[in-house]
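Please read the structure below before turning to the comments.
Side chains included, hydrogens not; waters and symmetry mates left out as well; all remaining heavy atoms used. Indexing begins at 1, ligand by ligand and atom by atom, following the structure's order. When a residue number appears, it is its place in the shown sequence, counting from 1.
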Amino acid sequence: MACGDADKLCLDSIRKSLIRQEDTIIFNLIERIKFPINPTLYKQQLPPSSNFSGSLFQYLFQETESLQSKVGRYLAPEENPFFPDNLSDSIIPLTKCTPVLHPAAESVNVNEKILDIYINQMLPLFCTEVNDDANFATTAACDIQLLQALSRRIHYGKFVAEVKFRDSIDEYKPFILAQDRDALMKLLTFEAVEEMVKKRVAKKAKVFGQEVSLNDNAEEVKGKIDPLLVSRLYDEWVMPLTKLVEVEYLLRRLD
Ligand SMILES: O=C(O)C(=O)C[C@]1(C(=O)O)C=C[C@@H](O)C=C1
C-alpha cells in the first residue's frame, strides 16, 4: 500500500493487489523448492559462544528483520514482523502517511501461526527431497522471502476488512459489538471469489513452472511445481489465515 493511497482504498484495488501478490508467492515457492527441506537449518541450535538461543534459521531471520527494520520496513502497515521483540529503530527519517487502518491493526499478527504451518506442514508438502544439502544460507534466504510474501498477503486481510467495514458499517457493527466471530466470518466470506482464487493460482503455477524451450516440438516436461498443491496452499492456509486476520481486525475495529 503506497503512501497516499488511502483515498483510493476500495475492494477492487485491494483484490488487484492480492492477485499480483500471488505471482510473488508462486515465484518464491518455485525458488524455495529447488532445495531439499534442509531440516538441520530449523533444528540445529547455535553454539553457546554465539550468544544466541535458537536455530540457525531463527538467527538468520531475526538478523534479517532487525537489519530491515533499520530502514523502516515495519513502519509500513502491511509489513508485520515475525520477531517483533527484536527490531531496531529506523535510521532513516519517517515518512508520515495518512493512516488507513484503525490503530488496533498493530495488535493483529498471525506470523507465529504462519511460521509453524510453514515449517511443519508446507515444506514437507512441497519439497520433494527431505534431506540436507547444506545450502543453509541460500535456503534460508528463499524461506525468508517466501514467508514475508505470505505474511504480507495474509495481513492484507486488515485492508480488506477495513474496506468491507466502511462499505457496510450497519451490517458489521452489531456483530462487532456482540464480538460474534462466526457471524463476522460468514459476512466477510465470498465463496465464489475463493473458488476463482484457487483456480487462478493453479493456472499461474502451471504457467510459471513450465520449462521454456526454443524447440517448438519439444516434449512437455513436468512443471517445477504441482499446480494442485498451490491451489491447496491457498485453500487450506492462505485464505483461512487471511480471513482470521480480517475477523481479528474487525473484532477490534470499534475499540
Ligand atoms: O476478496 C475478499 O473479499 C477477501 O476477503 C479475500 C479472500 C482471500 O483471502 O482471497 C478471503 C475471503 C473471501 O471469502 C474471499 C477472498
Original post:
Distance under 6.0 Å and angle within 45° of the ring axis: does Arg15 meet both against Phe190?
Top reply: yes

Original post:
Which residues, ordered by chain and number, are linked to Phe175 in its hydrophobic cluster, where ILVMFWY side chains connect at heavy-atom gaps below 4.5 Å, directly or through other members?
Top reply: Phe165, Ile169, Tyr172, Ile176, Leu177, Leu184, Met185, Leu187, Leu188, Val247, Leu250, Leu251, Leu254

**OP:** List, by chain and number, the other hydrophobic cluster members for Leu87, where Ile, Leu, Val, Met, Phe, Trp and Tyr join if side-chain heavy atoms come within less than 4.5 Å, directly or indirectly.
**Re:**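 Grouped by the 4.5 Å side-chain rule, Tyr74 form the rest of the cluster around Leu87.
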
For ligand 1, which of its N or O atoms have a protein N or O partner closer than 3.5 Å, and how long is each gap?
from	atom 1	to	atom 2	distance (Å)
ligand 1	1 (O)	Arg15	NE	2.6
ligand 1	1 (O)	Arg15	NH2	3.2
ligand 1	3 (O)	Arg15	NH2	2.7
ligand 1	3 (O)	Lys164	NZ	2.8
ligand 1	5 (O)	Lys164	NZ	2.7
ligand 1	5 (O)	Glu246	OE2	2.7
ligand 1	9 (O)	Arg153	NH1	2.8
ligand 1	10 (O)	Arg153	NH2	2.9
ligand 1	14 (O)	Phe190	N	2.7
ligand 1	14 (O)	Phe190	O	3.4
ligand 1	14 (O)	Glu194	OE2	2.5

Original post:
Can you check whether Ser55 reaches Leu41 side chain to side chain, under 4.5 Å on heavy atoms?
Top reply: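 No, too far: nothing below the 4.5 Å cut-off.
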
**OP:** Please assess Asn135 against Asn38 for the test side chain to side chain donor-acceptor pair (under 3.5 Å), listing each intermediate value before the final yes or no.
**Re:** CA-CA 8 Å; Asn135 278 311; Asn38 271 322; over 6 Å; no

Original post:
Which residue pairs satisfy the side-chain hydrogen bond (donor to acceptor under 3.5 Å, both in side chains) criterion with at least one member in residues 26-35, sequence neighbours excluded?
Top reply: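 Qualifying pairs, neighbours excluded: Glu31-Lys34, Arg32-Tyr42, Arg32-Asp143.
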
